[in-house]
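By convention in this document, chain letters (A, B, ...) are assigned in the order of the sequence lines, proteins followed by strands, and residues within each chain are numbered from 1.
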Protein chains: 2
Amino acid sequence: MDQVDIFKALSNKTRLQILSWLKDPETNFVEQSAMGFENGVCVGQIQKKTGLTQSTVSEYLAVLQRAGLVSAARVGQWTYYRRDEAAIKALLARINIEL
Amino acid sequence: MDQVDIFKALSNKTRLQILSWLKDPETNFVEQSAMGFENGVCVGQIQKKTGLTQSTVSEYLAVLQRAGLVSAARVGQWTYYRRDEAAIKALLARINIEL
DNA sequence: AATATATATCGGTTTTTTCCGATATACCTA
DNA sequence: TAGGTATATCGGAAAAAACCGATATATATT
């Protein structure tokens, strides 16, 4: 994934919000507390919070994943997304040098 | 200028290249060496290097400027653009915290 | 097997971005 | 003032992104 595509992934208000929410799932996705956040947050919870349709949010999560900013884990019928902190850190390091 | 718009400004290969070239004008814009780089690099030099049309490059520089990434200085018939290092630094600091 | 739930994918409409050529504006020089 | 050069702006065609609803797929449950 090249730099331009990473910036494109970040060029959308909703996607930036999702990334931000995923920094603190306990606070931002209270409904999921019962099942815990070990694997991240499932699509449905994120979708509800954005107010956009399921298909749109699914696509947005795919964009973030292709950019390497989040990772996905399928568990049963759910797909959980979480930030890929290592990748984000690496990206920041790179941007700090290159920009 | 909000975060999304800054990322949008960075979501284009040519604009990223321009930003990168402007880090080292002496190396990247040899033709302008005679007049020096005190005020930055003039549009024509940048345009030549991109291979795009004059109007496109002018618009791209305006996008970078609106994002606060470069500043412009008119001198005679020329407009010189240069990186706004302070703004870029501030942006990086913010991204490092918020992303 | 049948039904239900969660997510992904597909096809389409609308909006935005990319890039162009033509033209306008600003400045410089004779 | 007239003509030349540098840049900005305008109008538009083509490509990409932002969404959506409908449908497909995967898993779970009965």
Side-chain angles (χ1 to χ4, degrees), chain A residues 1-19 22 29 31-32 34-37 39-67 69-82, chain B residues 1-19 22 29 31-32 34-37 39-67 69-82:
Chain A
M1 207 66 178
D2 96 347
Q3 192 116 9
V4 173
D5 295 301
I6 295 174
F7 285 129
K8 276 187 187 167
L10 296 171
S11 295
N12 176 280
K13 190 171 153 233
T14 302
R15 289 194 297 263
L16 280 179
Q17 283 179 324
I18 292 172
L19 268 185
L22 290 177
F29 300 97
E31 272 189 66
Q32 195 186 296
M35 1 291 177
F37 299 100
N39 297 295
V41 180
C42 69
V43 180
Q45 294 300 312
I46 299 171
Q47 186 246 315
K48 202 178 291 185
K49 189 137 179 151
T50 61
L52 298 177
T53 63
Q54 187 272 321
S55 60
T56 298
V57 173
S58 179
E59 173 60 20
Y60 279 7
L61 289 166
V63 168
L64 290 172
Q65 188 182 19
R66 281 196 297 273
L69 298 164
V70 302
S71 63
R74 181 101 198 199
V75 178
Q77 19 184 187
W78 293 276
T79 308
Y80 294 91
Y81 282 89
R82 67 172 134 190
Chain B
M1 206 67 178
D2 97 345
Q3 192 115 11
V4 173
D5 295 302
I6 295 174
F7 285 130
K8 277 186 187 168
L10 296 171
S11 294
N12 176 281
K13 191 169 153 236
T14 303
R15 287 193 297 263
L16 280 180
Q17 283 179 325
I18 292 171
L19 269 185
L22 290 178
F29 299 97
E31 270 189 67
Q32 197 186 294
M35 359 289 175
F37 298 99
N39 297 297
V41 180
C42 69
V43 180
Q45 293 300 313
I46 299 171
Q47 186 247 315
K48 203 179 289 184
K49 187 136 180 154
T50 62
L52 298 177
T53 62
Q54 187 272 320
S55 59
T56 298
V57 173
S58 179
E59 173 60 20
Y60 281 7
L61 289 167
V63 168
L64 290 172
Q65 189 183 16
R66 281 195 297 273
L69 298 163
V70 302
S71 63
R74 183 100 196 199
V75 177
Q77 18 185 187
W78 294 276
T79 307
Y80 294 91
Y81 283 88
R82 66 171 133 191

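Partner of B:Ile18 under the side-chain contact (heavy atoms from CB on, under 4.5 Å) criterion, chosen from B:Val70, B:Leu69, B:Leu64: B:Leu64.
Here B:Thr79 does not reach the OP1 or OP2 of D:dA6: none of its side-chain N or O atoms lies under 4.0 Å away. Taking 4.0 angstrom as the limit, B:Arg15 places a side-chain polar atom (N or O) nearer than this to OP1 or OP2 of C:dT18.
Side-chain atoms of B:Lys8 lie closest to C:dT17 of the nucleotides D:dG21, C:dT17, D:dT27. The side chain of A:Cys42 sits closest to C:dT7 out of D:dC19, D:dA17, C:dT7. Considering only the side chain of B:Asn12, C:dC19 comes nearest among D:dT7, C:dC19, C:dA8.
Along DNA chain D, the nucleotide nearest to A:Asp5 and the one nearest to A:Val75 differ in position, and the one closer to the 5' end is contacted by A:Asp5.
When rounded to the nearest whole Å, the span between CG of A:Leu10 and C1' of D:dA17 equals 15 Å. Distance CD (A:Gln17) to P (D:dC19): 11 Å, rounded to an integer number of Å. For the pair B:Lys48 NZ and D:dT7 C1', the interatomic distance rounds to 15 Å; values are reported in whole Å. Distance B:Gln45 CD to D:dT5 C1': 14 Å, rounded to the nearest Å. Atom CE of B:Met35 is separated from atom P of D:dT5 by 15 Å (rounded to the nearest Å). For A:Ile46 and C:dA6, the CD1 to P distance is 14 Å, given to the nearest whole Å. Atom CG in A:Asn39 sits about 16 Å away from atom C1' in C:dT7, given to the nearest Å. Regarding B:Trp78, its CH2 atom lies at a distance of 16 Å from the P atom of D:dG4, rounded to whole Å.
Sequence neighbours left out, the pairs with a member in residues 40-49 of chain B that pass side-chain hydrogen bond (donor to acceptor under 3.5 Å, both in side chains) are B:Glu31-B:Lys48.
For the residue pair A:Thr14 / A:Thr50, no side-chain donor-acceptor distance below 3.5 Å is found, with atom types taken as modelled.
Residues from residues 54-62 of chain A placing a heavy atom under 4.0 Å of any atom in DNA chain D, listed by number, are A:Ser55, A:Thr56, A:Tyr60.
The structure places CG of B:Asn39 at 7.0 Å from OH of B:Tyr80, a figure rounded to the nearest 0.5 Å. Note: B:Gln32 CD to B:Trp78 CH2 = 10.0 Å, rounded to the nearest 0.5 Å. Interatomic distance, CG of A:Leu52 versus CD1 of A:Ile46, reported as 12.0 Å (0.5 Å rounding).
Judged by distance alone with a 3.5 Å cut-off, a donor-acceptor contact links the side chain of B:Gln77 to the base of D:dT5.
Using a 4.0 Å heavy-atom distance criterion, B:Ser11 is classed as a sugar-phosphate-only contact. At the heavy-atom level, A:Tyr80 lies nowhere under 4.0 Å from the strands shown.
Using a distance-only test at 3.5 Å, with no hydrogens or angles considered, no donor-acceptor pair links the side chain of A:Arg15 to the main chain of A:Gln17.
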